[in-house]
Amino acid sequence: MFPTCRMVILGAALAALTLPPAARAQTLRVGASAPVTSIDPHYHTYSPNVSLDAHIYEPLVDMDAASRPIPRLALSWKLVDNTVWEFHLRPGVKFHNGEDFTAADVAYTIDRIPRVKNSPGSYAIYTKAISSVEVVDPHTIRLHTKQVYPLLPIDLTQVYIIPHTLGADPATEDFNSGKDAIGTGPFRFVSYKSGDRIEMDRNDNYWGPKPDWQHVSYRMIPNDAARTAALLSGDVDFIEAVPTTDVARLSHDKKLHLAETVSLRIIFLWLDHRGMTPHVTGPNGEKLDHNPLTDLRVRQALSMAINRNAIVDRIMQGAAIPSGQFLPKGSFSYVPGLNPPAYDPAKARQLLAAAGYPKGFRIELDGPNDRYVNDGKIIQAVGQMWSRIGVQTAVNAITWPSFIGQANKGAFSAFLLGWGTSSGEASNPLRSLIATRTPAKGWGAVNRGFYSNPKVDELLTTALATADDAAREKLLQQATTLAMDDVAFIPLHNQKNIWAMRAGLTYAARADETSRAQEVHPAK
Amino acid sequence: MSGMAEIAPAAPETPLQRFVRDFTSNRLAVGALVVVLLIALAAIFAPWITPQNPYDLAQLDIMDGRLPPGASSAAGMTYWLGTDDQGRDMLSGIIYGLRISLIVGIGSALIAGVVGSTLGLVAAYAGGRVETAIMRLVDLQLSFPAILVALMILAFLGKGIGNVMIALVLVEWARYARTARGAALVERRREYIEAAECLALPRWRVLFRHLLPNCLPPLIVIGTIQIARAITLEATLSFLGLGVPITEPSLGLLIANGYQYMLSGQYWISFYPGLALLLTIMAINLVGDQLRDVLNPRQQR
């Protein structure tokens, strides 16, 4: 009895070992850096969710690796009137449940989004410009907007289409259980273990190029060291967000391959633009009756005192590029020649003296220590550099939830934040970060430095009402230049997104940070 | 004590002389005491003996970050134990870190000792409801893991050395209370307490002038061990990012900073602070063990 049993097990083990490599290679095991909060594509605007959703669902318009819009479920789109966008939909596309994809599904999705219950971050921000939906025929749909709204195709890259046969208001729980997790994407949902993994199978009826993987195991490993270790030990084939401390080592490992690209995420320092600020005092700790940061020369000095190359080289270990504006080179509305100020501590001191602070002042520099790559280390390094020009800096790094709570209340004078420009063009950061706080318009929603410049607002208003791409780009470039020359905030660097995978795989690194199994290919 | 056959000395020994003789009979303990004293001296005189003030950002340079032990800075200074990612001299960082460890360790052990012992003595002397109330509180406190309680307190109070000490005192007082009560229960049945009470001395006087001195030996032993425990706890809390601010790293935070570089082979950022922590705690524990042997009446002949 026992010997037979053993023989069977041994036989099975041998069979597994001798399995053709092709069959084993059919599975891709992905190590993601953050747990998703739902399988419902309309529940929470959160980048880990967007990354996963792109496997199962598809939007009308997608982004390519460099974050430029490309057709996905829509074949083409155009403005037929100043306030009417017309989308021609791709024919012959089927959902995972076998139903045809038509304009009714688009209308259904746009209708559902604002009504998702308990959403911690609603996708309605991407659909609220749409005032009405007109289904022309099964493969043509017209979206009406109240005003000219050139950004609609870009907003729709975040809107994943679900079938209208799910009925009135499907519950988020039914997506998480898999019952309603139905899209048109290259993979179909198999199972979801909250906080652990999502299993997916290839959609063999996919309309586009078939993925190379029969099966995808999408595992969530938030601990950096554990994720790297999982790749090194062969538990996963592909990891995202490689920690900068490990980049040097992994890039020398012949069994591994790295892919990297400059991210749309900028890391910057906010300076408080209000008349009085909480954490700036005189050189001996005495109270000041004004805020030195409102003086342009002081802001220029603080920016000039920062050795961005040293931060990129020593702290980020090369996994970033010094930055002087919102977006990296190659993006829509990037301003050629708008570089960060050269590192010049001597000139920074002169500027401080000219502004009336020959002995500097004291400032507290705050930041999170668990949100952005090396955040706590970056503010310490900036603290070193500011101290050298006579600005005595106390550095305070705290955990993200309490940091962002205080930042929202305006409790800081100088602090580090990051901004990922999901739209890939400058109107998004200009509207959210730089525009004067105007809650009614939704402008300046995260303008935590209380910056206000009427000229920038005016240019932005004009840009948002300009349908012509070239003219709009020009206006956005002007607004960006104005804000940066005025040191609205101090840009530090654009992070690089780095993926690591076992040798023999390739990945076209994406600027939007998402990891997509369908874009991982065996090297030819 | 080992079975040394000793001849009674000619002159009667004072208790202190006897204590010194007993203590020095173990060479390992003497060595440990020397280590403790050296660490204490280094910590006290840190600003004068370290090559750099590791807490002054203006003295650090990230261009000197992650240099291996023995490397020199652009300015010609030698980093004997290397530097961390901010260009902080590890040797200076460790000595300043030891300073924080000792201040937090000794400070919290002393305060917890005073609070805990007083409550323990009062419980034993008063008895009845007071005793029940105090001792159930002690039981409650000791039923939670110390690190858990400390984490909760710090989550509520926020970071900072002062808050770490408050958390440690709140975590540690219960052990002193339990020990003090145990010792006091034995002592208070003795005749000298009865005699003192017959003289109608005030209660506080009986408590602190008669009862306390006779309960001291076990409390001293607990105290040394609690110092080592407090240092470990502080290092743990700082390692988890809840202790000291990032610009003033203690040993725990130094280890945490270097921990991320272990995979890339830059061992020194974690290794040397870890070694310093290990040495300190081992030395204090050895001294504590020897004190227990010397002060334990049952092991005296």
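Just so we're on the same page: letters track the sequence lines, and every chain starts at 1.
The part of A:N369 that comes within reach of chain B is its side chain, from C-beta onward, which places non-hydrogen atoms under 4.5 angstrom from that chain. For A:I311, the parts lying under 4.5 angstrom from a heavy atom of chain B are both the backbone and the side chain. Of the two parts of A:D246, only the side chain, counted from C-beta on, holds a non-hydrogen atom closer than 4.5 Å to a non-hydrogen atom of chain B. Proximity to chain B (any heavy atom under 4.5 Å) is shown, for A:A310, by both the backbone and the side chain. Using a 4.5 Å cut-off between heavy atoms, A:S402 makes no contact with chain B at all. Contacts between B:D61 and chain A at a heavy-atom distance below 4.5 Å involve backbone atoms as well as side-chain atoms.
Between chain A and the residues B:N257, B:L242, B:L57, B:T247, the largest count of heavy-atom pairs under 4.5 Å involves B:L57. Note on A:R249, A:Q380, A:R388: by heavy-atom pairs under 4.5 Å with chain B, the leading option is A:Q380.
In this structure, B:K159 contributes its side chain and A:A397 its backbone to a donor-acceptor pair below 3.5 Å. No donor-acceptor pair closer than 3.5 Å links the side chain of A:R314 to the backbone N or O of B:Q86.
Summarising the geometry, atom CD belonging to A:Q384 is positioned 11.0 Å from atom CE belonging to B:M63; distances are rounded to the nearest 0.5 Å. Atoms OG and CG, from A:S387 and B:L60 in turn, are 9.0 Å apart once rounded to the nearest 0.5 Å. Annotation: the span from A:T245 atom OG1 to B:Q266 atom CD amounts to 9.0 Å, rounded to 0.5 Å.
For the pair A:M385/B:I62, a side-chain contact is recorded, criterion being any heavy-atom separation below 4.5 Å from C-beta on.
Atom OH of B:Y259 has 12 or fewer neighbouring heavy atoms from other residues, nucleotides or ligands inside a 6.0 Å radius.
Of all the heavy atoms in A:I315 and B:D85, the pair that sits closest is CD1-O, 4.2 Å.
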